[in-house]
Amino acid sequence: MTNYRSEFVRAIVERGFLHQCTDLEALDERAAQGPITAYIGFDCTAPSLHVGSMVPIMLLRLFQQTGHKPVVLMGGGTTKVGDPSGKDESRRMLTEEKISENMAGIKQVFSKFLTFGDGPTDAIMVNNDDWLKNIQYVDFLREYGPHFTINRMMAFDSVKLRLEREQPLTFLEFNYMILQAYDFLELNRRNDCTMQMGGSDQWGNIINGVELIRRVDSKPAFGLTVPLMTTTSGAKMGKTADGAIWLNEDMLSPYDYWQYWRNTEDADVGKFLRLFTDMPLEEIAKLEKAEGTEINEVKKILATAATTLCHGNQAALAAEETARKTFEEGKLGADLPTFEVLREGLEAGITAFQLFRKAELASSGGEAKRLIKGGGAKLNDVAIKSETQEITLQNLNADGVIKLSAGKKRHAIIKPV
RNA sequence: GGAGGGGUGCCCGAGCGGCUAAAGGGGACGGGCUGUAAACCCGUUGGCUCACGCCUACGUUGGUUCGAAUCCAACCCCCUCCA
């Protein structure tokens, strides 16, 4: 393959981050000469980002590691409008309070992956509400409206898809792409930001910004996208059994985060090591050769490395240890969710299915009963036969607690108090 | 504003007076096989109750009927065409 001159381009190509780029050779040339500035925007639609945003985040990290300046753009303003890309229906409108709450939650995560500061390659964070909120409608239309044709806007996938599926696309959402293009122009002027990166679904929006900068300020700019991540079997990344894999600790425990990576499909292990860890490529190449059950060891390395980045090494090791105890020794790990139950209640006896509900292993009594009937419920690793079995202090194990399991992977501890 | 079509369970979608907690699919969960993988096979999939059973559910509100997701009326929302 081509030899790239810049460390950045070489790294993204080798590690599998590159999907599309407006002009890869020119970017390579430019990145080889010295630090450049690039940004990725994150909308504030939820109180935390989830694993689906990990590729862009890791891209920013790699960008900084290879000597450049990343800009994290919080979409405080654009979230008010709502990005129609990849949505087959309008999102309900979020209130401004909700948006600022979400932003506060999302912000936390970046400091774990990027170094912020004032230096030439230190990351900075900006909020597009700062410039979008003061826009004067008619002035804005006169200045930038002429650079966008409806003909072109209609051709964008985000728009076309909605129209084809006969789903409504509001005028509000229709404006999203213009605002995002304007963001890029604004960042280009303010911070000399010359590249916008993002997920492949953002390609159209990114191109608009590149184009706008060229037309308005006659300056070159780059656009680059990362592939949309799916697992080998086609599932979108970030969603599993209990919902999204959130990056914030208050929404998903490090243990569950570790488990997510531990359960990676065989075929994805190498790809994920390259994308979601800092591990050198030669080392990954070696690990990737593992076959059969050996690959399980590699998955643990992946899980611990990925969790270390997000939650710190201590939390990652604790998660690994809990997993080892739980799965390999059948014992209890400290990280398992623990629920306290009054000792008096246990003395009197609690019906099995009620206890499962208390331990949040089932969301309703019916679900708990079904679980037990299906043979998936265990009490101290022994299958429970009857959903009405009484559980009492007699059932405490050697550690003075009760271990409940729903299936092979979900466990909880009941502790009398 | 006018004409037509439509709103069903987590999602898609069938039903079009009783046999309907509502076909089928997807997803999800559990079991089997394995390696905490994938694929495959099987089961479960509204809530409450130990249970008889009760409650909630087919856009909303009323009505017809012994009986309505199914018929009627008004209203709300969406889509298509016309203005």
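These figures come from a predicted structure and were not determined experimentally. Letters A, B, ... mirror the listed sequences (proteins, then strands); counts begin at 1.
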* Could you tell me the separation between the OH atom of Y260(A) and the P atom of A37(B), rounded to a whole number of Å? => 15 Å

* Side-chain N,O (R410(A)) to OP1/OP2 (G30(B)) below 4.0 Å -> yes

* Nucleotide A39(B), atom C1' - distance to CD of E265(A) in whole Å -> 10 Å

Considering only nitrogen or oxygen atoms on both sides, find all protein atoms under 3.5 Å from nucleotides 31-35 of chain B and state each distance.
residue, atom, partner, partner atom, Å
U34(B), O4, K408(A), NZ, 2.3
G35(B), O6, D266(A), OD2, 3.2
G35(B), N1, D266(A), OD1, 3.2
G35(B), N1, D266(A), OD2, 2.6
G35(B), N2, D266(A), OD1, 2.5
G35(B), N2, N296(A), OD1, 3.3
G35(B), N2, K299(A), NZ, 2.8
G35(B), N3, N296(A), OD1, 3.4
G35(B), N3, N296(A), ND2, 3.3

* Asked: Has the side chain of H68(A) got a donor or acceptor atom that lies under 3.5 Å from a matching backbone atom of I36(A)?
  -> yes

* Quantified in whole Å, what is the C1' atom distance between nucleotide U70(B) and nucleotide G18(B)? -> 11 Å

* Asked: Taking the six-membered ring where the residue is Trp, are the ring centres of Y39(A) and F184(A) under 6.0 Å apart?
  -> yes

* Sticking with atom C1', work out how far A69(B) lies from U36(B), rounded to a whole angstrom. => 44 Å

* To do: Provide the closest heavy-atom pair for G76(A) versus N128(A) in the form atom of the first, atom of the second, distance.
  => N-OD1, 3.2 Å

* Asked: Expressed in whole Å, how much space separates the C1' atoms belonging to C16(B) and A68(B)?
  -> 10 Å

* Given atom CG of L371(A) and atom P of U45(B), what is their separation to the nearest angstrom? -> 13 Å

* To do: Identify whether NZ of Lys or CZ of Arg in K369(A) sits under 6.0 Å from the centre of the six-membered ring of F353(A) and within 45° of that ring's axis.
  => yes

* Can a salt bridge be assigned to the pair E294(A) and K299(A) using a cut-off of 4.0 Å between side-chain N and carboxylate O? -> no

* Asked: Hey, which of these two, Q259(A) or T388(A), hits RNA chain B nearer its 5' end, going by closest nucleotide?
  -> Q259(A)

* To do: Please determine if a side-chain N or O atom of R370(A) lies less than 4.0 Å away from the OP1 or OP2 oxygen of G47(B).
  => yes

* Can you give the dot-bracket line for RNA chain B, where a pair is Watson-Crick or G-U wobble with both atom distances under 3.5 Å, crossing pairs use [ ], and | marks a partner on another strand? -> ((((((((.[[[..)..(.....]]]((((((.......))))))(((....)))...[[[[[..)....]]]]]))))))).

* To do: Send over the distance from E367(A) CD to A28(B) C1', rounded to a whole Å.
  => 10 Å

* Asked: Does the side chain of Q354(A) get closer than 4.0 angstrom to OP1 or OP2 of U49(B) through an N or O atom?
  -> yes

* Ion pair check, D381(A) and K378(A), cut-off under 4.0 Å -> no

* Asked: Between A37(B) atom P and K409(A) atom NZ, what is the distance in whole Å?
  -> 4 Å

* How do Y255(A) and G366(A) order along RNA chain B: which one's closest nucleotide is nearer the 5' end? -> Y255(A)

* Does T322(A) use its side chain to pair, donor to acceptor, with the backbone of L336(A) at less than 3.5 Å? -> no

* Report the distance from atom OH of Y257(A) to atom C1' of U36(B), rounded to the nearest whole Å. => 18 Å

* **Carboxylate-amine/guanidinium proximity below 4.0 Å for E320(A) and K300(A)** => no

* Asked: Quantified in whole Å, what is the C1' atom distance between nucleotide A74(B) and nucleotide G24(B)?
  -> 35 Å

* Please report, rounded to the nearest Å, how far the P atom of C29(B) is from the CD atom of E360(A). => 17 Å

* Asked: Between C29(B) atom C1' and F353(A) atom CZ, what is the distance in whole Å?
  -> 18 Å

